[in-house]
Amino acid sequence: MSTLSKEVIAELAEHLENAELQAFDVKKITDDYPDMDWEDAYDIQWEIRRRKEERGTRIVGLKMGLTSYAKMSQMGVDTPIYAFLADYFSVPDGGSVKTDELIHPKVEAEIAVITNKVLRGPGCTVAHVLDAISSVLPAVEIIDSRYENFRFDLKSVVADNASSSRFVTGGNVKRIENLDLKTLGVVMEINGEIVATGAGASVLGHPAASVAMLANMLAERNEEIPAGTFIMTGGITAAVAVKPGDNVCVRYQDLGSISMNFV
Ligand code: OOG
Ligand code: MG
């Protein structure tokens with residue numbers, strides 16, 4: 001059940017999208033709309049998606065967020081959320097991320113997958129997901145909450161497209177049957193110094209569980225994960241703040257490495 005009118009949903013979507021596109025921070029929206037519910041929050045996110053698509057932006061993937069205990073405890077929240085990835089979020093491996101387009105970026109190491117079958121909930125399980133993953137690839141997400149000091153509650157962050165901002169993928173694409181996603185290790189380095197380490201099991205016990213949860217959450221809106229979808233399963237470690245001049249390199253067991261410069 002939504003509590004906000006269509007007009008207010010459209011207004012909040014425009015407000016948050018402007019903050020994203022013009023890189024300024026705003027108060028969390030639940031300060032003014034304390035009674036908004038989950039459906040309102042996702043309605044705002046879907047309205048931002050619609051606005052972008054209307055202008056010709058392509059949606060190139062989906063992501064789960066807050067799927068690891070490291071992330072949940074870092075942000076003080078307790079439920080995973082989903083969001084979309086737009087074409088201009090993508091930065092090539094080894095490329096530059098322009099910090100003047102962002103507010104207060106942080107980096108997260110993630111495991112991404114590409115599906116080759118439709119996944120539809122309710123009742124989507126890890127078994128269905130494992131059967132539908134064609135390839136696995138490393139991804140680094142650059143998140144950039146539009147909220148002041150990265151402080152938010154779950155509904156505010158859902159509306160803000162789960163802080164999505166940029167992502168880098170590359171490394172070595174592998175077939176799922178050649179990998180153990182649970183024990184797959186990652187090492188994140190900034191300027192050559194190790195800042196975080198982790199393994200795939202941090203993500204809901206197994207990154208495939210994150211994809212199953214995504215299918216089941218989408219089903220609540222009568223949506224599915226189409227075949228051929230690129231999905232980032234969520235940060236393995238806590239997110240680390242970056243500044244201009246930083247070089248980030250994430251090394252993945254079996255999947256190679258990804259790097260980028262913040263300029
Ligand atoms: C929300 C987005 C979280 C992840 O991978 O956990 C996320 C945030 O922490 O700002 O993308
Ligand atoms: Mg993420």
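Counting convention: from 1, in listed order, for ligands and their atoms alike. Below, each value reflects all heavy atoms present in this structure, side chains not excepted, and no hydrogens, waters or symmetry copies. What you are looking at is a predicted structure, and each value in this text was computed from that prediction instead of being measured.
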What's the OE1-the Mg ion (ligand 2)-OE2 angle here (Glu141, Glu110), rounded to 10 degrees?
-> 100°
Does ligand 1 have an atom that lies less than 4.0 angstrom from a heavy atom of Glu110?
-> yes
Would you say ligand 1 has an N or O under 3.5 Å from any N or O of Leu66?
-> yes
Give the numbers and elements of all ligand 1 atoms closer than 4.0 Å to a heavy atom of Phe152.
-> 8 (C), 9 (O), 10 (O)
Under 4.0 Å to a heavy atom of Met75 - the qualifying atoms of ligand 1, by number = 9 (O)
Would you sort out whether Glu17 and Arg51 count as a salt bridge (Lys or Arg N to Asp or Glu O under 4.0 Å), showing the intermediate values?
-> CA-CA 9 Å; Glu17 203 203 5; Arg51 290 170 61 87; 2.8 Å; yes
Give a yes-or-no answer on whether the side chains of Ser96 and Asn261 include a donor-acceptor pair shorter than 3.5 Å.
-> no
For Glu108, the N, O or S atom at the shortest distance from the Mg ion (ligand 2) is OE1
Only pairs under 3.5 Å count here: list side-chain donor-acceptor contacts from residues 115-125, not counting sequence neighbours, and write none if there are none.
unit_1 : atom_1 : unit_2 : atom_2 : d
Thr115 : OG1    : Pro226 : O      : 3.3
Thr115 : OG1    : Gly228 : N      : 3.2
Thr115 : OG1    : Thr229 : N      : 3.1
Lys117 : NZ     : Asp131 : OD1    : 3.3
Lys117 : NZ     : Asp131 : OD2    : 2.6
Arg120 : NE     : Glu224 : OE1    : 2.7
Arg120 : NH2    : Glu224 : OE1    : 2.8
Thr125 : OG1    : Ala127 : N      : 3.3
Thr125 : OG1    : His128 : N      : 3.3
Thr125 : OG1    : His128 : ND1    : 2.9

Side-chain contact, heavy-atom cut-off 4.5 Å: Glu101 with Lys98?
-> yes
Which of parallel (below 30°), tilted (30 to 60°) and perpendicular (above 60°) describes Tyr82 and Trp46?
-> perpendicular
How about Arg58: does its CZ atom have over 12 heavy atoms from other parts shown lying under 6.0 Å from it?
-> no
Side-chain donor-acceptor pair under 3.5 Å between Thr67 and Ser210, yes or no?
-> no
Which ligand 1 atoms does Lys63 reach within 4.0 Å, using its non-hydrogen atoms?
-> 2 (C), 7 (C), 11 (O)
Atom 7 (C) of ligand 1 has as its nearest protein heavy atom Glu108 OE1, 3.4 Å
From Ala162, Ser163, Gly65 - option closest to atom 10 (O) of ligand 1 by heavy atom = Ser163
Ligand 1 contact by Met232, heavy-atom criterion under 4.0 angstrom | no
Which segment of Gln74 sits under 4.0 Å of ligand 1 when only heavy atoms are counted = neither
Does ligand 1 have an atom that lies less than 4.0 angstrom from a heavy atom of Gly234?
-> yes
Which of the ligand 1 atoms, numbered from 1, are nearer than 4.0 Å to a heavy atom of Ile143 | 8 (C), 9 (O), 10 (O), 11 (O)
Would you call the rings of Phe150 and Phe152 parallel, tilted or perpendicular, where under 30° means parallel and over 60° means perpendicular?
-> tilted
Shortest non-hydrogen separation from Lys155 to Met36 and the atoms involved | CD-O, 3.3 Å
For ligand 1, which atoms, with element, lie under 4.0 Å from some heavy atom of Gly235?
-> 4 (C), 5 (O), 6 (O)
Using 4.0 Å as the upper bound for N to carboxylate O, is an ion pair formed by Arg166 and Glu141?
-> no
Decide whether an N or O pair under 3.5 Å exists between Lys71 and ligand 1.
-> yes
